[in-house]
Amino acid sequence: MVLKTFVERRRDITKDELMEYISFCQMLPGASSTQTLTLIGFKRGGVKLAVLTLLIWIFPACALMGGLSFVVGNLGTNNIKPTLFQFIQPMAIGFLAYAAFKAYQISIKNTITQVIMLVALLCTYFLFKTPWVIPVLIVCGGIATNFSSRRIPEKEVIKPRQIRWTNIWLFVLIFVIAGFLSETARKQNWENKKPYNLFENFYRFGSFVFGGGDVLIPLMLDQYVVRPTSERVVKKNPDIIKVEREELLTGAGIVRAIPGPVFSIASFMGGIALKNEGPKTQFLGCVIGSIAIFLPSALLVLFFFPVWQNLKKFVVVLRSLEGINAAVVGIMIAATLYLLKDVSIMSFNTVSYINMGVIAGTLLVLLYTKIPPPLIVLVCLLTGLIF
């Protein structure tokens, strides 16, 4: 759609520029589609138009997902079984399986990437409750592929000029302040500490997520569903933010039917996380989720792009991407298997058969047809109403 609209019809950028933008954004954490569109706005009208482009792009999805958090939150609060959404959860697993398969085809091309993927898969699956496992795997994957010089020849890389790292001080400053306020709020047990914790969580997610929304969902699963079940974590933070697995998977499924970036699920999760604090605080949670998840992406892409001509020449960066992408594939497969444990597929009843059919059907439809994701979501919603 971007190619047809901004290259062929409007001619805002060339095809080569678009591919360069995409390559650059793949090197940064955050929502790559959002960053690409932000760069198009940046080229056409500088920082002001880039910010306006970003806001217009994310607003519809964030508004819809934030509103959904009130719907799902009320259903849970009133103890009403949300049958409408009961098959959205297996559908979300089908989407994640499809994303993992496509990522495998793109990123796993040789022995070292296969090894990195398998190690990441096993570590993520068995250490899912450990909060540092995903960032450590990503870093280790990037280091592992830097020991080879075969895939990216040195002779094709021009010696880069000096980079002024002051361009990222704002990003680092917000990161440090958010962490300090969140930890202080927890230790001193501030009355309204959860919004501070929420901002820090989502800003951290937006700062470290490589691989888009399909990697963000496992991170949120770990932070808000798995960690609150750990006795050690609860003892350290009794009032930790907790979200039900069914609520997260419902949001993960519905976000596929919403126009815009998958990262807008942060608006939904922000509202769900603070749903027990009252409507005003829940709305604040939606706003915090929307801002905190996209802010790191915007800061990184706007401040790093002017030095892109230097950054893209770093051999170490290019080699790291191969290992990072391989680790991400392993994480995605592990997340798919981990989520599969909590969906009824072995009960040998009507619901379990439908769950299996939804998972397999979603995967096959995405692989072999051009049926749009919103239609798949609609079918699953109607199936939930019928059964």
Original post:
Under 4.5 Å between side-chain heavy atoms, hopping through other hydrophobics if needed: is there a path connecting Met117 to Leu122?
Top reply: yes
Subject >> Spacing of Ile331 atom CD1 and Cys123 atom SG [to the nearest 0.5 Å] >> reply: 10.0 Å
Original post:
Partners of Asp12 by salt bridge (charged side-chain N to carboxylate O under 4.0 Å, His left out), sequence neighbours excluded?
Top reply: Arg10, Arg44
Original post:
Does the side chain of Leu381 reach to within under 4.5 Å of the side chain of Ile254, using non-hydrogen atoms?
Top reply: yes
**OP:** Determine, using the 4.5 Å side-chain heavy-atom cutoff (strictly less than), whether Phe59 and Met65 are members of one ILVMFWY cluster.
**Re:** no
**OP:** Indicate yes or no for a side-chain donor-acceptor contact from Gln114 to the backbone of Ala326 under 3.5 Å, with no hydrogens or angles considered.
**Re:** no
Original post:
Distance from Arg186 atom CZ to Lys193 atom NZ, nearest 0.5 Å?
Top reply: 8.0 Å
**OP:** Step by step, work out the side-chain contact (heavy atoms from CB on, under 4.5 Å) result for Thr184 and Trp190.
**Re:** CA-CA 8 Å; Thr184 302; Trp190 291 0; 3.6 Å; yes
Original post:
Within a strict 4.5 Å, meaning less than it, do heavy atoms of the Phe171 and Leu295 side chains meet?
Top reply: no
Original post:
Is there a donor-acceptor contact under 3.5 Å from the side chain of Asn146 to the main chain of Gly142?
Top reply: yes
Original post:
Can you tell me if CD on Glu231 sees more than 12 non-hydrogen neighbours from other groups inside 6.0 Å?
Top reply: no
**OP:** Starting at CD1 of Ile174, measure out to OH of Tyr203 and round the result to the nearest 0.5 Å.
**Re:** 4.5 Å
**OP:** Could you go through the side-chain contact (heavy atoms from CB on, under 4.5 Å) check for Ile265 and Met220 one step at a time?
**Re:** CA-CA 10 Å; Ile265 191 176; Met220 293 191 299; 3.5 Å; yes
**OP:** Could you tell me whether the side chain of Phe268 reaches within less than 4.5 Å of the side chain of Cys62, counting heavy atoms only?
**Re:** no
**OP:** Heavy atoms only: give me the nearest Ala50-Leu302 pair and the separation to one decimal.
**Re:** CB-CD2, 3.9 Å
Subject >> Qualifying residue for side-chain contact (heavy atoms from CB on, under 4.5 Å) with Ile272, from Glu247, Glu244, Lys242 >> reply: Glu247
Original post:
Parallel under 30°, tilted from 30 to 60°, perpendicular over 60°: which one fits the rings of Phe294 and Phe263?
Top reply: tilted
**OP:** Report the residues that fulfil side-chain hydrogen bond (donor to acceptor under 3.5 Å, both in side chains) with Lys43, sequence neighbours left out, ordered by chain and then residue number.
**Re:** Glu17
**OP:** With the side chain counted from C-beta on, respond yes when Ser264 and Ile58 share a heavy-atom pair under 4.5 Å apart, and no when they do not.
**Re:** no
Original post:
Atom CG of Asn355 and atom CZ of Phe87: how far apart are they, to the nearest 0.5 Å?
Top reply: 5.5 Å
**OP:** Check the side chains of Thr38 and Thr53 for a donor-acceptor pair under 3.5 angstrom, ignoring hydrogens and angles.
**Re:** no
Subject >> Of Thr145, Thr113, Asn110, the residue whose pairing with Glu322 passes side chain to side chain donor-acceptor pair (under 3.5 Å) >> reply: Asn110
Subject >> Shared hydrophobic cluster for Val262 and Leu378 (ILVMFWY, side-chain gaps under 4.5 Å) >> reply: yes
**OP:** Considering non-hydrogen atoms only, spot the tightest contact between Leu54 and Ala298 and give its length.
**Re:** CD2-CB, 3.7 Å
Subject >> Within 6.0 angstrom of Phe175 CZ, more than 12 heavy atoms from elsewhere >> reply: yes
Original post:
Going from CG on Leu364 to CD1 on Ile359, what distance comes out if it is rounded to the nearest 0.5 angstrom?
Top reply: 12.0 Å
Original post:
For the side chain of Ser107 and the backbone of Tyr104, is there at least one donor-acceptor N/O pair under 3.5 Å apart?
Top reply: no
Original post:
Under a single-linkage definition using a 4.5 Å side-chain heavy-atom cutoff for Ile, Leu, Val, Met, Phe, Trp and Tyr, are Tyr368 and Val379 assigned to the same hydrophobic cluster?
Top reply: no
**OP:** Step by step, work out the side-chain contact (heavy atoms from CB on, under 4.5 Å) result for Met269 and Gln223.
**Re:** CA-CA 11 Å; Met269 289 298 296; Gln223 179 71 42; over 6 Å; no
Original post:
Do side-chain atoms of Ser230 reach the backbone of Arg227 as a donor and acceptor pair under 3.5 angstrom?
Top reply: no
Original post:
Any sub-3.5 Å donor-acceptor pair from Ser290's side-chain atoms to Cys286's backbone N or O?
Top reply: yes
Original post:
Do you know the tightest heavy-atom contact between Thr362 and Phe95?
Top reply: CG2-N, 3.9 Å
Original post:
Counting only heavy atoms not in Tyr196, do more than 12 fall under 6.0 Å of its OH?
Top reply: no
**OP:** Find the distance between OG (Ser297) and CD (Gln35) and round it off to the nearest 0.5 Å.
**Re:** 4.5 Å
Original post:
When clusters are formed by joining ILVMFWY residues with side-chain heavy atoms under 4.5 Å apart, either directly or through shared neighbours, do Ile56 and Val47 land in the same one?
Top reply: no
**OP:** Taking all heavy atoms of Ala252 and all of Ile217, pick out the closest pair and write down the distance.
**Re:** CB-CD1, 3.8 Å
**OP:** Could you tell me whether the side chain of Thr14 reaches within less than 4.5 Å of the side chain of Val7, counting heavy atoms only?
**Re:** no
Original post:
Phe283 versus Phe70: any side-chain heavy-atom pair under 4.5 Å?
Top reply: yes
Original post:
Under 4.5 Å between any side-chain heavy atoms of Leu284 and Glu277, yes or no?
Top reply: no
Original post:
Ring centroid separation for Phe202 and Phe205, is it under 6.0 angstrom?
Top reply: yes
**OP:** State, with a plain yes or no, whether a side-chain heavy atom of Ile93 is found less than 4.5 Å away from one of Leu363.
**Re:** no
